[in-house]
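Heavy atoms only: backbone and side chains are in, while hydrogens, waters and symmetry mates are out. Predicted model, so just to flag it, every value in this text is computed and none were measured.
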Amino acid sequence: MTRSAFQDVALQPPRDTAQPRRVRVAFCLDSFAIGGTELNAVRTAEALDPNRFELCVFHLQTHGLLRSRYERLGVRMTHFPIPNLYSARTAIQGVRLARLLRRWDVDVVHSHDIYSNIFAVPWARTLSRCSIIASRRWWYEVPRPGLVTVNRWSYLLAHRVLANSSGIAGLLAREERVRLEKIVEIPNFLDESAFDTIDDVQRVAQRRAWGLPDGTFAIGMIARLRPVKNHSLLLRAAAHLDPRFHVVLIGEGPLRAELEQAARQLRMESRVHFAGEIMSAHNLNQFFDVSVLCSLSEGFPNSVIEAMAAAKPIVATPVGGVTDAVTPDVTGILVPVDDPVSLANALRKLEADASLRHRLGQAGREAVRSRFHREIVIEKLSTLYERLAVRRRGGALESTNG
């Protein structure tokens, strides 16, 4: 069996009788790749108070750009190399998971995504005494339709099911038949650094590095290049706009070659800039004039609240959790899912009206600070962890069974 940096033999926790024991939380992750769920998980790990919580990370995949951020935190990390969800090797890893949970005396298991729900929740529930949180952070987009049915068992077995938007909470109640008392709504959040501003020199330099001529109107979209993000809608909309409008696409994914071909076919290759995947300390929306997210489906998109935190007007499609964040014509503009003319008109309107851009940007910034700031959201999650730890240690907590 492959050993990881989180050695099984080192799991017996130190005993400190001078202070109350911190709550021990185990994150279960599908991967360390850059995505909304993965970014929110690592931001949560970084935000948890180390005086209140002791964290370990169980992961199904080993690589990804976000792994180094967990390593910098110094948390224990264990890889569970499962070939699929239903093999004998997977069962062996499930038993190993439960054994580690018992040996490290974990209080709360928090699974963040669909594969970790299906793998970790049943083993943790049946072979350990941990309190268990499953998550739903997506709208309808899943890797395979059959996973939806299997995943419902994780909701049944978990003590709580975390939804990252009111829309997702509604889906859990209506379609997954999860009891209301088990559903906890805790949205994605942003650190204070997301509200930081750059100077004009940095802004101009970065725009030039992406190939943007001075004086152009920059439309930015930060999203994986995947079908569900519907980048083609933005390209088709931009084709209706004059040459002053340039598009910057930040992210990588399987559709890059197809989108590059689409830009050529629309004779826009000089106005569409593929910046690739970027890890930056800055909120990249600051370099745009307008941010766009034209997805077909969303749970709760980080890119929308990041744009709002940067005081940039957001134009988005009204799907999933987008409507939890964006108030139409107050903090952003919502356009139909597959209407390039409406999107083009919204962008043209914003380019022509600097005062509108400023008003939407400032209102969005204030809304994010009051609803999705790290301090607000993390305290809510911390309280949930502590209440579940009380249940696990023998205290009473309502509605934890079934």
Passing candidate, side chain to side chain contact (heavy atoms under 4.5 Å, CB included) with V23, options E386, E54, R52: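 Of the listed residues E386, E54, R52, the side chain to side chain contact (heavy atoms under 4.5 Å, CB included) partner of V23 is E386.
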
Criterion side chain to side chain contact (heavy atoms under 4.5 Å, CB included) against R24, the qualifying member of V108, D105, L55, V109: D105

Check [X] against [Y] and note the closest heavy-atom contact, atom names and distance.
{"X": "A163", "Y": "I168", "answer": "CB-CG2, 3.6 Å"}
{"X": "W123", "Y": "A91", "answer": "CZ2-CA, 3.6 Å"}
{"X": "R207", "Y": "T216", "answer": "NH2-O, 2.8 Å"}
{"X": "C28", "Y": "S116", "answer": "O-OG, 3.3 Å"}
{"X": "F300", "Y": "G321", "answer": "CD1-O, 3.8 Å"}
{"X": "V121", "Y": "S154", "answer": "CG1-O, 3.5 Å"}

Test side-chain contact (heavy atoms from CB on, under 4.5 Å) applied to L259 and L225, step by step: CA-CA 8 Å; L259 291 169; L225 306 183; 4.1 Å; yes

Report the distance from atom [atom1] of [X] to atom [atom2] of [Y], rounding to the nearest 0.5 Å.
{"X": "L343", "Y": "N345", "atom1": "CG", "atom2": "CG", "result": "9.0 Å"}
{"X": "L156", "Y": "R125", "atom1": "CG", "atom2": "CZ", "result": "8.5 Å"}
{"X": "N283", "Y": "E306", "atom1": "CG", "atom2": "CD", "result": "5.5 Å"}
{"X": "I118", "Y": "S111", "atom1": "CD1", "atom2": "OG", "result": "9.0 Å"}
{"X": "Y70", "Y": "M77", "atom1": "OH", "atom2": "CE", "result": "8.0 Å"}
{"X": "H110", "Y": "L162", "atom1": "NE2", "atom2": "CG", "result": "5.0 Å"}

When you measure from the side chain of [X] to the backbone N and O of [Y], does any donor-acceptor pair fall under 3.5 Å?
{"X": "H246", "Y": "A218", "value": "no"}
{"X": "T149", "Y": "G146", "value": "no"}
{"X": "H273", "Y": "L249", "value": "no"}
{"X": "R136", "Y": "W138", "value": "yes"}
{"X": "R226", "Y": "L255", "value": "no"}
{"X": "R67", "Y": "T62", "value": "yes"}
{"X": "R267", "Y": "A239", "value": "no"}
{"X": "E141", "Y": "L296", "value": "no"}
{"X": "R160", "Y": "I133", "value": "no"}
{"X": "N230", "Y": "C294", "value": "yes"}

Full working for side-chain contact (heavy atoms from CB on, under 4.5 Å) between I198 and Q206: CA-CA 11 Å; I198 53 170; Q206 182 59 77; over 6 Å; no

Residue pair R137 / N188, side-chain donor-acceptor N/O under 3.5 Å: yes

Side-chain donor-acceptor pair present, Q61, Y115, cut-off under 3.5 Å: no

Derivation and outcome, salt bridge (charged side-chain N to carboxylate O under 4.0 Å, His left out), residues R369 and E192: CA-CA 9 Å; R369 185 177 289 281; E192 180 61 30; 3.0 Å; yes

I want to check something: taking the side chain as every heavy atom from C-beta on, are [X] and [Y] in contact at a cut-off of under 4.5 Å?
{"X": "F27", "Y": "T44", "answer": "yes"}
{"X": "Y155", "Y": "K182", "answer": "no"}
{"X": "H282", "Y": "Q202", "answer": "yes"}
{"X": "I222", "Y": "F288", "answer": "yes"}

Residues L66, M279; criterion side-chain contact (heavy atoms from CB on, under 4.5 Å); working and verdict: CA-CA 9 Å; L66 298 179; M279 291 287 288; 4.1 Å; yes

Pair R152-E176, salt bridge (charged side-chain N to carboxylate O under 4.0 Å, His left out): steps then yes or no: CA-CA 7 Å; R152 287 184 181 134; E176 307 283 8; 2.5 Å; yes

Worked verdict on K229 versus E298 for salt bridge (charged side-chain N to carboxylate O under 4.0 Å, His left out): CA-CA 9 Å; K229 299 300 182 179; E298 286 288 348; 2.6 Å; yes

Test side-chain contact (heavy atoms from CB on, under 4.5 Å) applied to F58 and L97, step by step: CA-CA 8 Å; F58 298 155; L97 167 70; 3.1 Å; yes

Residue pairs involving residues 310-327 (criterion side chain to side chain donor-acceptor pair (under 3.5 Å); sequence neighbours excluded):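 Pairs touching residues 310-327 that pass the test: S166-D324.
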
F80 six-ring centre to R96 NZ/CZ under 6.0 Å and within 45° of normal: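 Yes, a cation-pi geometry holds between R96 and F80.
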
Pair up each side-chain donor or acceptor in residues 360-368 with any protein partner under 3.5 Å, not counting sequence neighbours, and list the distances.
unit_1	atom_1	unit_2	atom_2	d
R365	NH1	F195	O	3.2
R365	NH1	A309	O	2.6
R365	NH2	F195	O	2.7

Set of salt bridge (charged side-chain N to carboxylate O under 4.0 Å, His left out) partners for D30, sequence neighbours left out: none

Worked check of salt bridge (charged side-chain N to carboxylate O under 4.0 Å, His left out) between D289 and R203: CA-CA 11 Å; D289 294 296; R203 185 171 186 269; 3.1 Å; yes

